[in-house]
Amino acid sequence: MIGRRIAGRYTLERELGRGGMGAVYLAREAGRDRPIALKVLLHSRLSESALRHFEQEFRTLTGLTHPNLVEVYDFGRLRLDPESREVPFFTMEYVDGETLARSAAGPGLPLGTLYRVLAEVGLALAYLHAKGIVHQDVKPSNVLLQRGDGIGPRVRLMDLGLSGAPREGSGPGSMRGTAAYLSPEAARGHGVDPRSDLYSLGCVAYELLTGRPPFQGSSVLGVIRGHLLEEPIPPSTLNRAVPPELDALVLKLLAKDPGTRHPSAAAFLAAIDALAGGTLAVATPE
């Protein structure tokens, strides 16, 4: 793939990473002096309806701009070789940094840094929710810490909606998301709303504080069972440095009943700003 020209204008320079959904490349767009990231979705079971789903979602995502989101530029289809079926690709802003999963795995993150990371993800979610979009896959590997401004990394949320693509044979109630960060209502295949993203953010916070997600198991079904039926161990049980008020905030995010969680990203931002002593400057309209 390296050196290949995609859609007549994107030249792949090197591979940046690879995961369950596909591969990401550093690329250059003809006529533009900027690096971009190009992600090829390689899932072997993508159906024609799934391809159309991606195209519909990317039409919604292109044009979204927020300081804490990775901007999506373009999308299309390509054939990996003459004999293969088409797979989707999309281009997005290239961010020089590392994912939260790589660079800030808990429980060693200072509380002040943790508050800021969670708040900036919350700001991205508040923006998306105001646009009527639920991310559905908030997790450490979808949170980038951008290098370079001299005052610490900026937090950038990416890959919104990608886990939600239907697979071959799936129906409207199919599970969407990543098991370790999945809200109970998403695990049941029920409708999700912004409070589902807040549950996933609670899972991220828990992992940053304790070094592991709130529920573990020997299989995906075991992890999902935890989300549905088990109460999480308070983070302070695993990390004595966690203060009681932060324990309470994380457990509120992880409530089984969406009505018991923070009602909105804005409400979560107000709560975490209060924990940080009003230093986060996270005011956002409801």
Side-chain angles (χ1 to χ4, degrees), residues 16-17 19 21-22 24 26-27 29 32 34-39 41 54-75 88-104 113 115-149 151-165 176-178 181 192-205 208 264-266 268-269 272-273 280-286:
L16 296 173
M21 287 294 291
V24 183
L26 180 68
E29 183 178 2
R32 288 180 179 266
R34 67 177 182 189
I36 62 167
L38 187 147
K39 185 163 189 174
L41 303 178
F54 275 118
E55 292 176 352
Q56 291 166 1
E57 290 215 345
F58 288 132
R59 286 191 184 94
T60 302
L61 302 181
T62 54
L64 293 179
T65 57
H66 186 275
N68 297 114
L69 280 179
V70 173
E71 187 174 352
V72 175
Y73 296 139
D74 190 18
F75 62 91
F89 74 88
F90 69 96
T91 62
M92 58 186 170
E93 179 184 5
Y94 171 68
V95 176
D96 181 20
E98 289 188 303
T99 68
L100 194 56
R102 285 187 179 181
S103 62
T113 303
Y115 289 147
R116 188 168 67 83
V117 166
L118 296 178
E120 291 196 24
V121 176
L123 285 167
L125 292 176
Y127 172 81
L128 291 174
H129 297 164
K131 300 286 187 182
I133 298 169
V134 180
H135 187 288
Q136 301 196 65
D137 202 19
V138 178
K139 59 184 178 181
S141 59
N142 278 342
V143 178
L144 282 168
L145 302 181
Q146 180 178 0
R147 301 185 184 96
D149 61 10
I151 56 172
R154 172 178 285 174
V155 178
R156 310 290 295 277
L157 183 63
M158 64 177 181
D159 274 12
L160 51 155
L162 293 186
S163 69
R176 305 170 69 156
T178 301
Y181 311 94
V192 297
D193 65 26
R195 296 169 298 179
S196 298
D197 282 344
L198 294 180
Y199 182 95
S200 299
L201 184 57
C203 294
V204 172
L208 292 177
S264 66
F268 162 74
L269 287 165
I272 198 165
D273 192 36
L280 297 176
V282 292
T284 184
E286 286 280 1

> Donor-acceptor pair, Asp273 side chain versus Leu280 backbone, under 3.5 Å?
Replying inline: yes
> So, the side chain of Asp74 versus the backbone of Phe90: is there a donor-acceptor pair under 3.5 Å, distance only?
Replying inline: no
> With His129, which residues qualify under ring pair (Phe, Tyr, Trp, His ring centres under 6.0 Å), at least two apart?
Replying inline: none
> When rounded to the nearest 0.5 angstrom, what distance separates CD in Gln146 from CD in Glu120?
Replying inline: 10.0 Å
> CZ of Arg154 to CG of Leu145: how many Å apart, nearest 0.5 Å?
Replying inline: 12.5 Å
>> Please give me the minimum heavy-atom distance between Gly122 and Ala265, naming the atom from each residue.
In response: O-CB, 3.8 Å
>> If you compare all heavy atoms of His135 against all heavy atoms of Leu157, which two are closest, and at what distance to 0.1 Å?
In response: CD2-CD2, 3.6 Å
> At their closest point, which heavy atom of Tyr181 faces which heavy atom of Val138, and how far apart are they?
Replying inline: CB-O, 3.5 Å
> With a 4.5 Å heavy-atom cut-off, do Val121 and Val204 have their side chains touching?
Replying inline: no
> Once you round to the nearest 0.5 Å, how far does CG of Leu144 lie from CE of Met158?
Replying inline: 4.0 Å
> Who passes ring pair (Phe, Tyr, Trp, His ring centres under 6.0 Å) against Tyr199, sequence neighbours left out?
Replying inline: His227
> At what distance, to the nearest 0.5 angstrom, does CD of Glu71 lie from OG1 of Thr91?
Replying inline: 9.5 Å
> Can you tell me if Ser200 uses its side chain to pair, donor with acceptor, with the backbone of Asp137 under 3.5 Å?
Replying inline: no
> Looking at residues at least two apart in the chain, or sitting in another chain, which of them share a side-chain contact (heavy atoms from CB on, under 4.5 Å) with Pro35?
Replying inline: Leu26, Arg28, Tyr94
> Which pair of heavy atoms, one from Leu38 and one from Ala27, lies closest together, and at what distance?
Replying inline: CB-CB, 4.3 Å
>> The criterion is side chain to side chain donor-acceptor pair (under 3.5 Å); which residues satisfy it with Asp193, sequence neighbours excluded?
In response: Arg195
> Looking only at heavy atoms, which two atoms of Leu69 and Ala124 are closest? And how far apart?
Replying inline: CD2-CB, 4.0 Å
> Do Leu64 and Val72 have side chains that get closer than 4.5 Å, going by heavy atoms?
Replying inline: no
> Taking side chain as C-beta onward, heavy atoms only, is Met92 less than 4.5 Å from Val24?
Replying inline: yes
>> side chain to side chain contact (heavy atoms under 4.5 Å, CB included) for Val155 and Leu100? Distances and angles first, verdict last.
In response: CA-CA 9 Å; Val155 178; Leu100 194 56; over 6 Å; no
> If you round to the nearest 0.5 Å, how far is CG of Leu201 from CG of Leu208?
Replying inline: 9.0 Å
> Roughly how far, to the nearest 0.5 Å, is CG of Leu118 from CZ of Phe268?
Replying inline: 5.0 Å
> Arg34: what forms a side-chain contact (heavy atoms from CB on, under 4.5 Å) with it, not counting sequence neighbours?
Replying inline: Glu29, Arg32, Ile36, Tyr73
> Taking only residues two or more places apart in sequence or in another chain, which ones pass salt bridge (charged side-chain N to carboxylate O under 4.0 Å, His left out) with Glu93?
Replying inline: Arg156
> Quick one: does Asp159's side chain have a donor or acceptor within less than 3.5 Å of a partner on Asn142's backbone?
Replying inline: no
